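A short worksheet on the structure shown next.
Everything numeric in this text was worked out from a predicted model, so none of it was measured. Along the sequence shown, the residues carry numbers beginning at 1.
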Amino acid sequence: MSNTFKITVRQRKITRKRVFAEYVTSCLATSDESISRENEQCPQVLKDTSTVTMVTTSPPLGVITSGKAGKPKFIKSTKRLGDCQLNTAIANSRWSCCGTTYNEVLEIHKHVAKEHHEEIERLTESRLNTALNDMCEDDKNERISSDLKQKRPTTEDHKILYRNTDTLPWLPSEKECSDTSDVDNEGQILLYYKYVDVKDPDEICAWQQELCRRLRLTGKIRIAREGINGTVGGSKSATRLYMQSVQNHPVFQQIDFKTSKGSAEDFPNGLQVGVHPEIVPMGVDPDQLTYMQAGNHLSSEAFHRELETHLSKDTSDEKDTVFVDCRNFYESRIGQFPGALAPDIRKFSYWPEYIDKNVDTFKDKRVIMYCTGGIRCERGSAYLKSKGVCKDVLQLEGGIHRYMDKYPNGLFKGKLFVFDDRYAIATNETTISTCFYCAQPWDKYQPCSSPHCHQLVLSCPQCRGQGSTACCHSCKEIAERVEVEGQRPKEECECTRERVRIPQETICGDKLQQGIRTCIPNVTTRDKLQHDEETSSTGQ
């Protein structure tokens, strides 16, 4: 027997009590019909002249079973086996033992404790030994199962599958990849996603790592059983060969790639490829809410017509359609569609809470959603549809990125935020945001100068020249104190303290007060951007 599990004094005491209660229950002798019916629910009692054996269909109480990670789990209850019947049947019960009938529960307890002490101890030891043997067997099986899981090929193991000489339709040779250096040094960044069932995410992860290594691409790629989501940068010829290779893969055919100017240098952290539960973090199990439940797609042309019609209506009474921006507040701050509702949330994982809190906002409405490249609208629209309150839920196919390709001077105003060191891309000269400090038009983000802060700051060249480089005055003061004390700050700056985590939208009667919240310059109430978690995804 393994010495891994040991019986404690408390466990032995409780087990003895359970055995004692079962023994007393086996002595019940009454003609009361109701009690007989109740006893039918108890474990059967098999008696012979020397012992009492409990036959149960579930694990006996007061014994040890295997818990999580092989740790002992002690089951304790007073509402199963014999005890559950004692409390309800005592008043009309009689007990028979050793040729004597007992009308009081106290008397039968005294008799069993005095005359059958050794039997109780023997049954207790037997029960504990059986439990320990079961636990050791469970532990052995769990160890075997754990070993098998550990032997399951990981991403590191899969790297062995792809040697330098390996070539596949979706993995070009080293020589092909080495010929992808553009003489004009012009680069390109790709943005893409595809929801599709992936049987082995680890294998896809290893393939993507090797493919990007050969092509000298950088960027971020998330892989899950529900698909792939990525943005990578490199030379134009390298990204073209990357697109061709991915589309040659049997799982990712007909994937939609969006392109923009950029380079591998726009991803200072190099290449990040990983397997995750979701390809964009919303915090809802993909098995419970799948991409198959998403709203219908609208082409850029259809979306443009819908928005034009929406903006042409004079009053809210005529508007039964709500345009909703699925992005975060710092994205919609620098670029937006007029007349759209832009939730003032910090990251997409807040989306389910936002919908739950504002479900009446979308009641009996046609909802048209949009985001950067379309991926957040897929399961975001599925979550809204699951509430069953909307007339219809639609989404912009390809997101703002594809719309700007079709309508470079269309209805989208400002810049499109992207999750790399470019921070934004633009197809028009419109600036809709302002400097945090002087309120002059400005839309070029830069990181907060405080080392502890992850805020993106809008500070024009004049204000930056005057030292206004932090997200707010309090953040700058905290940074100065940190420099002196040498400890990471525990308090939050005003940007974080004054932000409402999940906003409540305003409804006046049946009229939704639509329109994005504009950025009001006030350095004491700047919004905090802690985008570490968001930048782990591509943020489409």
Side-chain angles (χ1 to χ4, degrees), residues 180 182 185-194 208-209 211-213 215-223 228-240 242-243 246 255-274 276 279-281 325-335 346-349 370-376 398-405 412 414-427 433 442-449 453-459 471 529-540:
T180 57
D182 289 337
N185 293 322
E186 186 176 359
Q188 184 171 248
I189 288 181
L190 309 177
L191 184 68
Y192 68 93
Y193 76 91
K194 186 174 181 64
Q208 281 291 309
Q209 286 178 327
L211 177 60
C212 292
R213 182 195 67 79
L215 292 170
R216 295 178 294 281
L217 301 179
T218 60
K220 291 170 283 189
I221 302 172
R222 290 176 67 99
I223 300 158
I228 189 170
N229 172 22
T231 177
V232 295
S235 67
K236 267 197 171 182
S237 55
T239 53
R240 281 196 295 265
Y242 177 85
M243 288 188 282
V246 172
I255 198 167
D256 179 32
F257 286 95
K258 305 165 190 70
T259 63
S260 57
K261 290 182 179 181
S263 68
E265 285 70 35
D266 290 315
F267 298 94
N269 293 323
L271 179 66
Q272 298 172 298
V273 185
H276 302 268
I279 58 175
V280 63
D325 194 331
C326 287
R327 301 174 302 157
N328 309 318
F329 72 86
Y330 51 88
E331 298 177 77
S332 57
R333 172 184 282 156
I334 63 171
R346 185 173 67 82
K347 53 186 179 181
F348 186 59
S349 57
Y370 64 88
C371 58
T372 304
I375 187 171
R376 282 177 276 188
I400 303 168
H401 203 301
R402 187 62 72 211
Y403 177 89
M404 291 171 65
D405 290 342
F412 185 79
K415 291 183 171 60
L416 175 62
F417 184 94
V418 291
F419 288 84
D420 55 58
D421 268 17
R422 296 173 300 168
Y423 292 116
I425 56 178
T427 57
S433 53
W442 188 252
D443 59 9
K444 294 180 175 60
Y445 275 125
Q446 286 187 284
C448 176
S449 58
C453 184
H454 302 285
Q455 164 88 355
L456 289 180
V457 181
L458 292 175
S459 180
C471 60
L529 168 60
Q530 297 172 326
H531 68 293
D532 285 345
E533 183 175 340
E534 282 295 336
T535 54
S536 67
S537 72
T538 62
Q540 294 187 55

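A distance-only check finds a donor-acceptor pair linking the side chain of Asn328 to the backbone of Phe348 [under 3.5 Å]. A donor-acceptor pair under 3.5 Å is absent between the side-chain atoms of Thr372 and the main chain of Gln540, judged by distance alone. At distances below 3.5 Å, not a single donor-acceptor pair connects side-chain atoms of Ser235 with backbone N or O atoms of Gly187.
Among Thr239, Leu271, Ile189, the single residue meeting the side-chain contact (heavy atoms from CB on, under 4.5 Å) criterion with Leu217 is Thr239.
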Exercise. Apply side-chain contact (heavy atoms from CB on, under 4.5 Å) to the pair Asp405 and Thr259, showing each step before the final yes or no.
Key: CA-CA 9 Å; Asp405 290 342; Thr259 63; 6.0 Å; no
Practice problem: Dump the intermediate steps for side-chain contact (heavy atoms from CB on, under 4.5 Å) on Met404 and Leu416, then the final yes or no. | Solution: CA-CA 9 Å; Met404 291 171 65; Leu416 175 62; 3.7 Å; yes
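Each salt bridge (Lys or Arg N to Asp or Glu O under 4.0 Å) pair with one or both residues in residues 259-274, not counting sequence neighbours, would appear here, but there are none.
With contacts defined as side-chain heavy-atom distances shorter than 4.5 Å, the pair Phe419/Glu331 qualifies. Leu191 places a side-chain heavy atom less than 4.5 Å from the side chain of Thr231. No side-chain heavy atom of Val280 sits less than 4.5 Å from a side-chain heavy atom of Arg222.
Remark: Asp256 engages Lys258, Arg402 in a salt bridge (charged side-chain N to carboxylate O under 4.0 Å, His left out) (not counting sequence neighbours). Taking Ser459 as the reference, nothing meets the side chain to side chain donor-acceptor pair (under 3.5 Å) condition, with sequence neighbours excluded. Residues that satisfy the side chain to side chain donor-acceptor pair (under 3.5 Å) test with Ser449, not counting sequence neighbours, are Thr469. A search for side-chain contact (heavy atoms from CB on, under 4.5 Å) contacts involving Ala424 returns Ile334, Lys415, not counting sequence neighbours. Scored by the side chain to side chain donor-acceptor pair (under 3.5 Å) test, Tyr242 finds Tyr192, Gln208 as partners (sequence neighbours excluded). By the ring-ring contact (aromatic ring centres under 6.0 Å, His included) test, Phe267 is found to be paired with no residue, residues two or more places apart in sequence or in another chain being considered. Annotation: side-chain contact (heavy atoms from CB on, under 4.5 Å) contacts of Asp421 (sequence neighbours excluded): Pro268, Tyr423.
In plain terms, the two heavy atoms of Gln455 and Cys471 that are nearest each other are CG-CB, 2.9 Å. Smallest separation of non-hydrogen atoms from Pro447 and Val457: C-CG2, 4.4 Å.
Here CD1 of Ile228 is found 6.0 Å from CD1 of Ile221. Values are rounded to the nearest 0.5 Å. To the nearest 0.5 angstrom, Cys371 atom SG is 7.5 Å from Ile400 atom CD1. How far OG of Ser237 is from CD of Gln188: 10.0 Å, rounded to the nearest 0.5 Å. Note that NZ of Lys220 and CD of Gln272 are 6.5 Å apart. Values are rounded to the nearest 0.5 Å. To the nearest 0.5 Å, atoms OG (Ser433) and CZ (Arg333) are separated by 8.0 Å. Taking CZ of Arg213 as the start and OG1 of Thr218 as the end, the distance is 15.0 Å to the nearest 0.5 Å.
Judged by distance alone, the side chains of Ser260 and Arg422 do bring a donor and an acceptor atom under 3.5 Å apart.
No close placement of the Phe412 and Tyr403 rings is indicated, their centers lying 6.0 Å or farther apart.
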